[in-house]
Amino acid sequence: MPEGPELHLGSLYVNKMCAGVVFTGPVRKSEVSKSPDVPFTCEAYRITAISRGKEVKLTLTPMKSDEPKQRSKAGQADQAMDVVFRFGMSGCFRFTTEDELPKHAHLRFYSKETPCRVLSFVDTRRFGSWQPNGTWQPDRGPCIMFEYESFRKNVVTHLSDRTFDRPICEALLNQKYFNGIGNYLRAEILYRLNIPPFVVARSVLEGLESEDLFDNEKPVKAEVRDTKDSDRVKKVKKEMGDLLRLCHTVPLEVVNLGGKGYDPQKNDYSAFKAWLQCYYVDGMKSLRDHNGRTMWFKGDPGPMATKDLKSPKVKKRAMKTEDHDYTDKKKGARGGRAHERRRWSNRESKTAKKEEVSSLKETEESEKVKTPQQKKRTAARGRKTSCAEPAAGPEKRSGRVTRQSSK
DNA sequence: CGTCCACGTCTAC
DNA sequence: TAGACCTGGACGG
């Protein structure tokens, strides 16, 4: 569940499910978790949640006991405790009965009911974490969704920061300035404005105002209409506002979808899939950024692009002979993908893997010489050699993502 | 069976 | 700025 919208939806979920529920006893941690114990135990307490960017804070609030304070049992909390969560790649909250505990429920809060219910922090991959008596992480900036004005100001007043020397798509993942933006949001946001992902961040941000002058003109609207490309640019300017505004409104659209956001396991994932216009969408291009993350986009990648493995899309598909309007679209597309994949694997993955440094180098040099980027490019590639690979083609994942372009 | 990929940080060279 | 940290689904052989 992990970008800003999912974290916020998680907090809404906790508040909704736990409204009126009384919890009791200690907070329990799974054996395998490396996050800290939560030293809180209480005969009767409540749980509420609030989110900020990519964090959620749970507040455990002891209920007033009838006993006089002196007589309350030792070790029982009488003070509220905050626990701040980060979700990593797979964290989420779930509220279930005790015997339906999800797999990977690494932190658990038990209700006082019978049968007992449990609020669990579930995290398959365990990249998430929590901090008892925690506070918002100090290096993270204001929330893109719920601290919009200070978020804008924080960016606009720090444009000299080296962060903004980076391509815009990479700057957008810096949580010091864009707390809540993640990989699918950066793609969706840049796509809406037709901004090439690999242009210098500063160049697209300078000139923007601290105040959102656009703010009063139009309400935040989660309107996603089919528009022709030619119209899109105009529409963008007229109805959407600037990049910083979209860092605010686009995540809110996901919140307003009312589902779970990005969560392929869930039934209501289809609404989210349908909402995506670029990320993992068939026909879009993708490229690794300098940190090895897949950037989805359309059109011009921009001057700072890695000369890295690229997505297939139209051009490469055209190379596929059996490509033209097969009915079994998936199958055909996948075949194309696999083909592409093998090519690159042979060229890079294999050679790189076998300590063939020289041949790897050759491959790189042979591409083209771009002096300033050479180094980064090499680095980016090198990093990926162990799983050297073109960015996954859209076709390959078409099952996971709405195919807007089909038909 | 094996390889690659995934919504994100962290921290050691 | 490479890995490290993890599990599991999709796909290929």
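Every chain is numbered from 1, with letters handed out A, B, ... down the list of sequences.
- Ile181(A) places its CD1 atom 10 Å from the P atom of dG8(B), with the value rounded to the nearest Å.
- Going from atom OH of Tyr280(A) over to atom C1' of dG9(C) covers 11 Å, rounded to whole Å.
- Going from atom CZ of Arg152(A) over to atom CG of Leu244(A) covers 5.0 Å, rounded to the nearest 0.5 Å.
- The distance between atom CD of Gln175(A) and atom C1' of dC10(B), rounded to the nearest whole Å, is 13 Å.
- Summarising the geometry, the separation between OH on Tyr262(A) and C1' on dA6(B) is reported as 6 Å, rounded to the nearest angstrom.
- The closest donor-acceptor contact from the side chain of Asp37(A) to the backbone of Pro39(A) lies at 3.5 Å or more, if one exists at all.
- If you check dG8(C), dT7(C), dT9(B) against the side chain of Lys103(A), the one that comes closest is dG8(C).
- Here, dG13(C) and dC4(B) have their C1' atoms 14 Å apart, quoted to the whole Å.
- Rounded to whole Å, the distance from CG on Asp139(A) to P on dG8(B) is 18 Å.
- Between the NE2 atom of His106(A) and the C1' atom of dT7(C) there is a distance of 9 Å, given to the nearest Å.
- Glu55(A) comes within 4.0 angstrom of nothing in the nucleic acid, heavy atoms only.
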Pairs counted as Watson-Crick or G-U wobble with both distances under 3.5 Å: what dot-bracket string results for DNA chain B, using | for bases tied to another strand? ||||||.|||||.

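- Residue Thr294(A) has a polar side-chain atom (N or O) positioned under 4.0 Å from OP1 or OP2 of dA6(B).
- For Tyr279(A), counting side-chain heavy atoms from C-beta on, the closest listed nucleotide (dG8(C), dA6(B), dC10(B)) is dA6(B).
- Here the side chain of His104(A) pairs no donor or acceptor atom with the backbone of Asp123(A) at under 3.5 angstrom.
- For the ring-ring contact (aromatic ring centres under 6.0 Å, His included) test with Trp296(A), the passing option among Tyr191(A), Tyr184(A), Tyr280(A) is Tyr280(A); the others fail.
- Distance from the side chain of Thr124(A) is smallest for dG8(C) among the nucleotides dT9(B), dA6(B), dG8(C).
- dG9(C) and dT9(B): their P atoms are spaced 24 Å apart (whole Å).
- Closest to the side chain of Arg288(A), out of dA6(B), dT7(C), dG8(B), is dA6(B).
- Ion pair Asp139(A)/Lys176(A) not flagged as a salt bridge, since none of the NZ, NE, NH1 or NH2 atoms sits closer than 4.0 Å to an Asp/Glu carboxylate oxygen.
- Residues that satisfy the side-chain hydrogen bond (donor to acceptor under 3.5 Å, both in side chains) test with Gln76(A), not counting sequence neighbours, are absent from this structure.
- Remark: ring of Phe127(A) stacked against base of dG8(B); centroid gap under 5.5 Å, plane tilt under 30°.
- Within the 4.0 Å cut-off from OP1 or OP2 of dG8(C), at least one side-chain nitrogen or oxygen of His104(A) is found.
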Check the pair Leu185(A), Phe178(A) against side-chain contact (heavy atoms from CB on, under 4.5 Å), reporting the backbone distance first and the verdict last. CA-CA 11 Å; Leu185(A) 283 172; Phe178(A) 300 94; over 6 Å; no

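- In this entry the distance linking CD of Gln137(A) with C1' of dC10(B) reads 10 Å, nearest Å.
- Note: His106(A) and Phe121(A) fail the aromatic proximity criterion, with ring centroids not under 6.0 Å apart.
- No contact: Arg186(A) has no heavy atom under 4.0 Å from any strand.
- A sub-4.0 Å separation between OP1 or OP2 of dT7(C) and a side-chain N or O of Arg126(A) is present.
- One atom, CZ of Arg162(A), and another, C1' of dT1(C), lie 14 Å apart when rounded to the nearest Å.
- Nearest nucleotide to the side chain of Ser129(A), out of dG8(B), dG8(C), dC10(B): dC10(B).
- Comparing Arg86(A) and Tyr184(A), the nucleotide of DNA chain B nearest to each residue sits closer to the 5' end for Tyr184(A).
- Closest to the side chain of Arg293(A), out of dC10(B), dA6(B), dG8(B), is dG8(B).
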